[in-house]
K.L.:
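My structure is below; once you've seen it, I'll send some questions.
Sequential numbering from 1 along the given sequence is applied to the chain's residues. In each ligand, atom 1 is the first atom listed, and ligand 1 is the first ligand listed.
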Amino acid sequence: MSILLQHLLHEENRCAIFSRAMQQSSKISDRQEKEFASAIRIDGVEIRLVRLSLVEPFETSFGKIDSRLVFLVSVNAAGIRGWGEVVAGEEPLYSYETVGTALHVIKNFLAPTLLNDPLTSHDDLAQRFAPFRGHNMAKAGLELAFMDLLAKLTGQSLAALVNGERKRIAVGVSLGIQPTIAELLKRVDLYLGLGYQRIKLKIKPGWDVDIVAAVRRLYPEILLSVDANSAYTLADAEHLRKLDDFELLMIEQPLHNDDLLDHAKLQKLLKTRLCLDESIVGQRQAKAALDLESCRIINIKIGRVGGYSEALAIHDLCFARGIPVWCGGMLESGIGRAHNIALASLPGFTLPGDISASARYFARDLISPEVTVAEDGTVAVPDAVGLGFDVDLPFIESRTETRIYLSRE
Ligand code: OSB
Ligand code: MG
């Protein structure tokens, strides 16, 4: 074992590196009492693009996919490997980022900043990424890998590293647009039977009020929400007001991704709470949205906001203002999902997340054991070190379409 690792794993040093007493702190570095005694020297960054078929197509207002090109990033130091995932899609539909843009940005800009000089802290990593504008999903992928590495080097779970508290998290399922209402009802019935605590229906013009009415008629009591992925404009306000009749938990991202002002106008016209997803790309947008009253709930996705530090800052801001948050999903593989589970263990995550069982997405996941949802609609937060799941390398290898290894010059 290297001297660095021996040092980091020593119980006293571990406690010195991260103080768990500092709850409510927005920065990971504030949870850290001092810089690492020895800096972390990253030996290499590996990128793998892995094709996984979805168990069934997933359709939203912006498109339909039947597989994911999963973008895995791993970093290694002192013989230990940390894993992250870039959640970007193959086309710039949910956001401008794609697998291609993330590959370009990581390879040419982000990874070189980590490989050149040893890292002294999480803050150090954030400072190296800060000059680069946007590309949050690319930044997050690398940051997640670094966080898993950090958790492993310091002998703790990811949830412990971010001061997560919950042992189990409540989860829901996001149901795509279906060919018929009958097909949708079949899926609602299936997932409620499996225990899921909340059903989210993807909507778009022509697939909205009627389907919500049909689901509500059969299930008057369930937690039910809708997600429009920016399919409407303020001119649709009267139509969207019809959704007020169905006691929805929230309406997620009805309007354009960068329009906080129109969301604020719409929120004033509706009884149902609005939740923002696409609009919240960082803590400044979160603060602006709350100040403007553009929404009353926020969906936090680590990828969309650029990593854990930004996700934690949004969590802390919402927690302080009594705004509920929940953890969104991007049809991640188990590796991205493991990070979502750690994040959702924080106390402000009071609504069920889009963190479904591995089997809801893929015939076989990249981790073992796979993520499972208990009958009570909860997922266990692992307490093993790092991700808390084993990464299934042989299976990843068998599905890898592209592999790129970046090392020090
Ligand atoms: O808007 O929340 C969304 C999937 C891909 C892109 C955007 C979204 C979604 C989902 C699925 O709703 C959430 C999941 O189960 O991963
Ligand atoms: Mg959404």
Side-chain angles (χ1 to χ4, degrees), residues 52 54-71 85-99 136-137 140 169-178 184 187 190-191 194 196-204 207 224-232 248-257 263 273-281 289 295 297-305 325-341 343-344 351-362 365-366 370-371 373 377 379:
L52 285 185
L54 292 169
V55 290
E56 62 175 20
F58 190 74
E59 182 173 346
T60 64
S61 63
F62 60 78
K64 183 174 174 176
I65 54 170
D66 51 25
S67 72
R68 286 284 278 132
L69 187 58
V70 177
F71 189 138
E85 180 170 340
V86 173
V87 299
E90 289 170 80
E91 298 175 287
L93 299 173
Y94 169 84
S95 88
Y96 66 83
E97 287 191 85
T98 66
V99 169
N136 284 350
M137 295 177 185
I169 55 169
V171 302
V173 67
S174 170
L175 298 179
I177 293 164
Q178 303 294 324
L184 178 66
R187 283 160 183 76
L190 170 70
Y191 289 103
L194 292 171
Y196 285 88
Q197 295 192 22
R198 182 268 290 140
I199 301 286
K200 163 170 136 183
L201 308 174
K202 288 292 191 180
I203 59 166
K204 66 174 182 183
W207 181 265
L224 184 63
S225 69
V226 294
D227 185 0
N229 291 108
S230 301
Y232 299 90
L248 296 177
L249 178 61
M250 70 189 89
I251 301 174
E252 185 178 342
Q253 197 71 42
L255 310 180
H256 203 266
N257 70 297
H263 277 104
R273 288 180 286 182
L274 295 185
C275 166
L276 290 177
D277 173 353
E278 283 90 328
S279 295
I280 309 298
V281 294
C295 65
I297 297 176
I298 288 181
N299 160 332
I300 300 181
K301 290 179 178 169
I302 317 181
R304 196 193 63 226
V305 304
V325 301
W326 56 282
C327 183
M330 292 290 289
L331 311 174
E332 290 92 342
S333 80
I335 291 173
R337 195 171 319 284
H339 285 281
N340 291 345
I341 292 169
L343 181 69
L351 295 173
D354 275 347
I355 303 175
S356 306
S358 296
R360 181 262 176 275
Y361 307 95
F362 313 109
D365 206 340
L366 305 181
E370 300 200 330
V371 175
V373 173
V379 166

K.L.:
What protein heavy atom is closest to atom 9 (C) of ligand 1, reported as residue, atom name and distance in Å?
P.N.:
Gly329 O, 3.6 Å

K.L.:
If you compare all heavy atoms of Glu85 against all heavy atoms of Glu332, which two are closest, and at what distance to 0.1 Å?
P.N.:
OE2-CA, 3.4 Å

K.L.:
Tell me whether Glu91 at atom CD has more than 12 heavy atoms from other residues, nucleotides or ligands lying less than 6.0 Å away.
P.N.:
no

K.L.:
For ligand 1 and Ser174, I'd like to know whether there is a polar contact (N/O to N/O, distance under 3.5 Å).
P.N.:
yes

K.L.:
Are any of the N/O atoms on Arg360, whether in the backbone or the side chain, positioned under 3.5 angstrom from an N/O atom of ligand 1?
P.N.:
no

K.L.:
Tell me whether ligand 1 is touched by Glu252 - counting only heavy atoms on the residue side and a distance under 4.0 Å.
P.N.:
yes

K.L.:
Got the closest protein heavy atom to atom 6 (C) of ligand 1, with its distance?
P.N.:
Met330 SD, 3.6 Å

K.L.:
Just checking, Arg360 and Tyr191: is the charged tip under 6.0 Å from the six-membered ring centre and within 45° of the axis?
P.N.:
yes

K.L.:
Could you grab the distance from atom CD1 of Ile199 to atom CG of Leu190, nearest 0.5 Å is fine?
P.N.:
9.0 Å

K.L.:
For the Mg ion (ligand 2), check which protein N, O or S atoms are under 2.8 Å away and list them.
P.N.:
Asp227 OD2, Glu252 OE2, Asp277 OD2

K.L.:
Out of Asn340, Leu331, Asn229, Leu175, who is nearest to atom 16 (O) of ligand 1 when you count heavy atoms only?
P.N.:
Leu331

K.L.:
Would you say ligand 1 has an N or O under 3.5 Å from any N or O of Glu278?
P.N.:
no

K.L.:
Is any N or O atom of Arg337, backbone or side chain, closer than 3.5 Å to an N or O atom of ligand 1?
P.N.:
no

K.L.:
Would you mind reporting whether Val55 and Tyr361 have side-chain heavy atoms less than 4.5 Å apart?
P.N.:
no

K.L.:
Looking at ligand 1, does Lys301 have a heavy atom less than 4.0 Å from it?
P.N.:
yes

K.L.:
Which residue in the set Lys202, Glu252, Gln253 passes side chain to side chain contact (heavy atoms under 4.5 Å, CB included) when paired with Asn229?
P.N.:
Lys202

